[in-house]
Amino acid sequence: MKLSHLRVLHLENPLGIGEAPYFSWMMESEKDNVIQKGYEIKVQEENGSIMWDTGWIASERNSFVTYEGSELKSCRRYLWSVKVKNNYDETASATGWFETAILDSSLWKAQWIEDCLPVKKRKSGFGNQPPATMFRKKFLVDADKTVQSVRGYVTAHGVYDLYLNGIRVGKRKLAPGYASYEKILPYQTYDFTDFILKGKNALGLYVGDGWYFSPETSMNQIATAEVHHGVIFEIHIKYTDGTEDVVCSDENVKTGYGPVISSDMFAGENYDATKECKGWSEYDYEDMSWKNAVLAKSTADNLVPEADDVITAVKTFEAEKVFVTAKGENVIDFGQNMAGIVRVNCKFPKGYKISLTHFEALDEKGNFFNTILSTNGVGAGADQKVEYISSGEECTYEPSFAYFGFRYVLVNIWDANGSELPAENIQAEDFTAVALSTKKQNSGKFVCSDERLNQLYSNIRWSQYSNMISIPTDCPQREKAGWTGDAAIYIETALLNEDVTSLFSRWMKSVALDQQSDGMVPMVVPFNDTYKNMAIMMGQMTKMDGLATSAGWGDVAVKVPWTMYEVTGNRHILKSHYTTMKKWCDYIETQAQKRVREDLPKEKEKYLWNSGFHYGEWLIPSTSTAGFADENAVGNAMAMTALYTAPIYGYYSISTFAKVADVLGETKDFVYYSKLAEKMKDAIQSCLFGPDGEPPAEYMGAYVLLLYFDLVPAKYRKQYETHLIEMIENNGNCLDTGFLATPYLLDTLKKIGRVDKAYELLFQDKSPSWIYEVEHGATTIWETWNAVSKEGIPQHVSMNHYSFGCVASWMFKTIGGVTSLNPGYRHILIRPIFDDRIDWAEREYMSEQGLISCKWKREGKVIKTEVTIPCNAIATVVLPDGSRNEIGSGRYVYNYEG
Ligand code: BGC
């Protein structure tokens, strides 16, 4: 037996953690039926002193084991080891390390500084921001001593690129990432040891506007002031003799403007290479004309170390095609929609200008089409543009301070006199698209004999890459916003594709901090001014006392931690957000108590969440045929479908929270919220159904949600099941569900014994359907089902929203046949449900215990199924004839002759 995948806070040997760690490991063995009998963990300082020794713990737990040792100190490396014994009495051990950052903000020695260069008020749109600021700090490393290690603790107001002695440190893009900045501003820890020189050194930070200053994300703050870029950093130089030097950001830091004339996360970057300052982050650079930084008012109070969140390139794409459209536009097609940037080999004479406009779709005639249409003010400045002026020197350029959602770029080149050059000047090989995403381990694979399903799965993965840029976002081109409803819908699929534990744990901190004092959880987190204004407006519109949120959106507070627990067994996240969840549930209870329907019995109605603003199901295809353009249709569908989404999602949160309380042994809460959930269920059953059992609004989603959550009174159940099927059939065997019902649609059909209908919807190729998108050229998941018409006419909606990609979870379980029977896939159900349209399928999932795999194939009359179960897990394999096999870890082959 051996141990592998040692992780601390779900990260491999993390540098710069800020909270008590939890530990995970996996066992690998040649033997079958391996179960962990117990473990022993030791944590020690580098000098050997013991911080934590669990002694022998008889336990099967191999993940999320929380540290309970002595208090950890700042800026220290700790070594940890784990020894495990299995049921064969074999032992194995392994070691790892983690390093703490500055654990208490009062320990920061450095101060925030900012430039005092001329700065203009920022406005939305390309070119309307001040230049990016270069900060440079010279420092000395004692040449008479030997350096043991050097660490940098760094962050900025804006986004930064970091240099040491002229070398770019690491591959991290867009640091420090995004969070609810007023409350948590992440900082990063860097290992400078290999970059440092004896004697003279220089640190350089190039800071652009980023999320912090963008008018799209912080309107109120920016509209009123001329704000400067700022940085804070400490460099800790440890020598082998035990001494230490600390270099801090201070007024000796020099600041200057360079080639980036303006930058904005949404609008883009304007770069003038003639303004480059060669060697600016090296010690000997002549900086006489640079201005000293000044101390800034900000404090270190909101600084929080983030060990991961490395936004980096996940894949690069060469230009697939360069062409001139009917309208005469020069377009490059990279063949894949993505979030990212374009890298350009620039070999133009001095003064030549090149402009790139990033976009997602061509119109029906093959011309440039801008999918971004600002309906509600958001996305208005998303020009997605880069301009580059050549210095005449050959170089490779890629923007530092923006990213875009695109598959295509529109290219224009002008000579030094401003005359535009013809298309021949655009060489495909000079352009590379760089897809960005926050770095995570892959945890899932799905492939089958049907190429359309494979393309669908690829589209889902690409929408996931594109929308995990520091936070989970709705779309990479228009809003780049942490819409909570989207994350709530998609979280299960996200976890089953990639190890997003760390990313979602980090984002959940912002969710908790952005929760309002009345318990309201915003519809967007970070809850920046753009969305605060929207919430104020919607609150006023619906005569609420406070800011508006929506059922299905605010429920993220319960849905995300609970799903993380269900998929990975992560109790830690339940504990960390227990109060957030409880406050959210109390908010629902208070909102429900508001009397809005005088015609309903008071004692029942007070348990029905039917007050306030709601998005309803959101984007039901039959009610949004014209996208957002038909506001009346969209508004009406929101109001009508909210009649059931709000009470049902409210019930979901309260009943799920009761389960959380049960898991954590909070008995009083368990009793209270279970009872409350019962009352809510009773209120739904007494008030929502018409005289003949009809739902409050005749939408497919009402049937789906009421059936899925077991809310239909027994006497109406059959009628609901029959009617749901009728609705689908009357709709040409197409779905007609929005954001909040689609995740449950296929599961509901499976639940009522109509998996055949679920398959029919999955394979449907008429719009609205998943395969329609695939057959109409989608390479990511569209925001609306009809984003491109049969005639190829695109709409002004996003082509890259992961929400409807939640169907992947169903594919993994039903086609792939891998389901969890208890939290964290410790007891696995292997049960593919075969369909004649699929000849073979393979599903792999890297669970907390290790790799689970189920591969099946038709061979003549026989279906051969190969199953792999990791150590420390058990499985129930159900064959098509209903026969069951209870198995432990190991590899198994079943030949079923049907
Ligand atoms: C976003 C969503 C979001 C929705 C709220 C849109 O602008 O892109 O995906 O959930 O607004 O209804």
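Residue numbers start at 1 and run along the sequence shown. Below, each value reflects all heavy atoms present in this structure, side chains not excepted, and no hydrogens, waters or symmetry copies. As the structure is a computational prediction, the values presented were derived from the model and not from experiment. Numbering of ligands and ligand atoms starts at 1, following listing order.
- At least one heavy atom of Glu783 sits closer than 4.0 Å to an atom of ligand 1.
- Ring geometry for Tyr181 versus Tyr212: interplanar angle of 30 to 60°, hence tilted.
- Any N or O atom pair closer than 3.5 Å counts here, and Trp483 shares no such pair with ligand 1.
- A distance of 6.0 Å or more separates the ring centres of Phe804 and Tyr802.
- Residue Phe739 has at least one heavy-atom neighbour below 4.0 Å for each of these atoms of ligand 1: 9 (O), 10 (O).
- Two rings, from Trp584 and Phe657, have their centers 6.0 Å or more apart.
- Interface of His801 with ligand 1, defined as ligand atoms under 4.0 Å from a residue heavy atom, comprises 1 (C), 2 (C), 8 (O), 9 (O).
- Residue contact check: Tyr615 has heavy atoms under 4.0 Å from atoms 5 (C), 12 (O) of ligand 1.
- Using a 4.0 Å cut-off between charged side-chain N and carboxylate O, Asp308 and Arg506 make a salt bridge.
- Ring-centre distance between Tyr744 and Phe709: below the 6.0 Å cut-off.
- Take Phe446 and apply the ring-ring contact (aromatic ring centres under 6.0 Å, His included) test, not counting sequence neighbours, and it matches Tyr457.
- Residue Asp474 has at least one N or O atom closer than 3.5 Å to an N or O atom of ligand 1.
- For ligand 1 and Trp553, the ligand atoms under 4.0 Å from any heavy atom of the residue are 5 (C), 10 (O), 12 (O).
- Of all atoms in ligand 1, listed by their number and element, those nearer than 4.0 Å to a heavy atom of Glu479 are 1 (C), 6 (C), 7 (O), 8 (O).
- The closest side-chain donor-acceptor pair between Glu216 and Ser124 falls under 3.5 angstrom.
- Interface atoms of ligand 1 facing Asp486, defined by a heavy-atom separation under 4.0 Å, are 2 (C), 3 (C), 9 (O), 10 (O).
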